[in-house]
S.K.: 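I have a structure here, written as structure tokens, and I will follow up with some questions on it.
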Amino acid sequence: MKSILLMFSIAPCYEWDWERFNIEYMVFDGLYKMAEKIYGIKASSHKKRFKLCCDKFNIIYNEVNIKKICEIRNDLFHETFWDKGMPYTD
């Protein structure tokens, strides 16, 4: 829990948007892991993690936005692309 709070608090300090996104996604991932342990939720994909968390905590689920977040995450984590280009570029 301390790690999640620390990462959440330092995310705005990152200069590059892709770095902030990366840290903020790590925060979501950590929160999902906590929910998994506490509430027994289990998702087979990152997109489904958002749906389960939104349903569990009565948060409005916007499929278009979640799809975009997952696409950005996959590009950054697996291909090291940010907005169809390399990080550190405009």
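Only this structure's heavy atoms are used, side chains among them; waters, hydrogens and symmetry mates stay out.
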S.K.: Got a salt bridge between E63 and K67, using NZ or NE/NH1/NH2 to carboxylate O under 4.0 Å?
M.R.: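 Judged by the 4.0 Å cut-off on N to carboxylate O distance, E63 and K67 do not form a salt bridge.
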S.K.: Would R73 and H78 count as a side-chain contact (heavy atoms from CB on, under 4.5 Å) if you check the C-alpha gap in whole Å, the side-chain angles of each, and the deciding distance to 0.1 Å?
M.R.: CA-CA 8 Å; R73 178 227 174 249; H78 298 295; 3.3 Å; yes
S.K.: To the nearest 0.5 Å, how far apart are CG in N22 and CG in L76?
M.R.: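 That separation rounds to 5.5 Å.
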S.K.: Verify whether one side chain among H46 and Y32 offers a donor that lies under 3.5 Å from an acceptor in the other.
M.R.: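 Note: H46 and Y32 side chains miss the donor-acceptor criterion.
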S.K.: Which distance, rounded to the nearest 0.5 Å, do you find between the CD of E36 and the CD1 of I41?
M.R.: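 If we round to the nearest 0.5 Å, E36:CD and I41:CD1 are 7.0 Å apart.
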S.K.: side-chain contact (heavy atoms from CB on, under 4.5 Å), that's the test. Do D17 and W82 meet it? Break it down for me.
M.R.: CA-CA 9 Å; D17 51 359; W82 181 250; 3.1 Å; yes
S.K.: Donor-acceptor check, side chain of R20 to backbone of P12, threshold 3.5 angstrom: yes or no?
M.R.: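 Side chain of R20 to backbone of P12: no pair is present.
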S.K.: Check the surroundings of atom CZ in F77: do more than 12 heavy atoms from other residues, nucleotides or ligands lie under 6.0 Å from it?
M.R.: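 Enclosed.
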S.K.: Looking at CG of N65 and SG of C70, how far apart are the two atoms once the value is rounded to the nearest 0.5 Å?
M.R.: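 Going from CG on N65 over to SG on C70, the span is 11.0 Å.
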S.K.: Do you know the tightest heavy-atom contact between P87 and T80?
M.R.: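 Taking every non-hydrogen atom into account, CD-O, 3.2 Å.
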S.K.: Donor-acceptor pairs are to be reported for all side-chain atoms of residues 48-55 against protein atoms at under 3.5 Å, with residues two or more places apart or in another chain.
M.R.:
residue	atom	partner	partner atom	Å
K48	NZ	S44	OG	3.3
R49	NH1	D29	OD1	2.4
K51	NZ	D55	OD1	3.1

S.K.: Is there a continuous path of hydrophobic side-chain contacts, each under 4.5 Å between heavy atoms, that joins Y14 to V27?
M.R.: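 Same cluster: Y14 reaches V27 through Ile, Leu, Val, Met, Phe, Trp or Tyr contacts under 4.5 Å.
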S.K.: Check I69 against F21 and note the closest heavy-atom contact, atom names and distance.
M.R.: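 Smallest interatomic distance, heavy atoms only, reads O-CZ, 3.6 Å.
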S.K.: Roughly how far, to the nearest 0.5 Å, is CG of N74 from NZ of K47?
M.R.: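 Nearest 0.5 Å value for the NZ-CG distance: 11.0 Å.
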S.K.: Quick one: pull up CG in L5 and CG in L31 and give me the separation to the nearest 0.5 Å.
M.R.: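 Reported value, rounded in 0.5 Å steps: 8.5 Å.
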S.K.: Do Y39 and F57 touch side chain to side chain, with heavy atoms closer than 4.5 Å?
M.R.: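 Y39 vs F57: side chains touch.
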S.K.: Decide yes or no for V64 and K68: does some side-chain heavy atom of the first lie under 4.5 Å from some side-chain heavy atom of the second?
M.R.: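 V64 does not reach K68 side chain to side chain.
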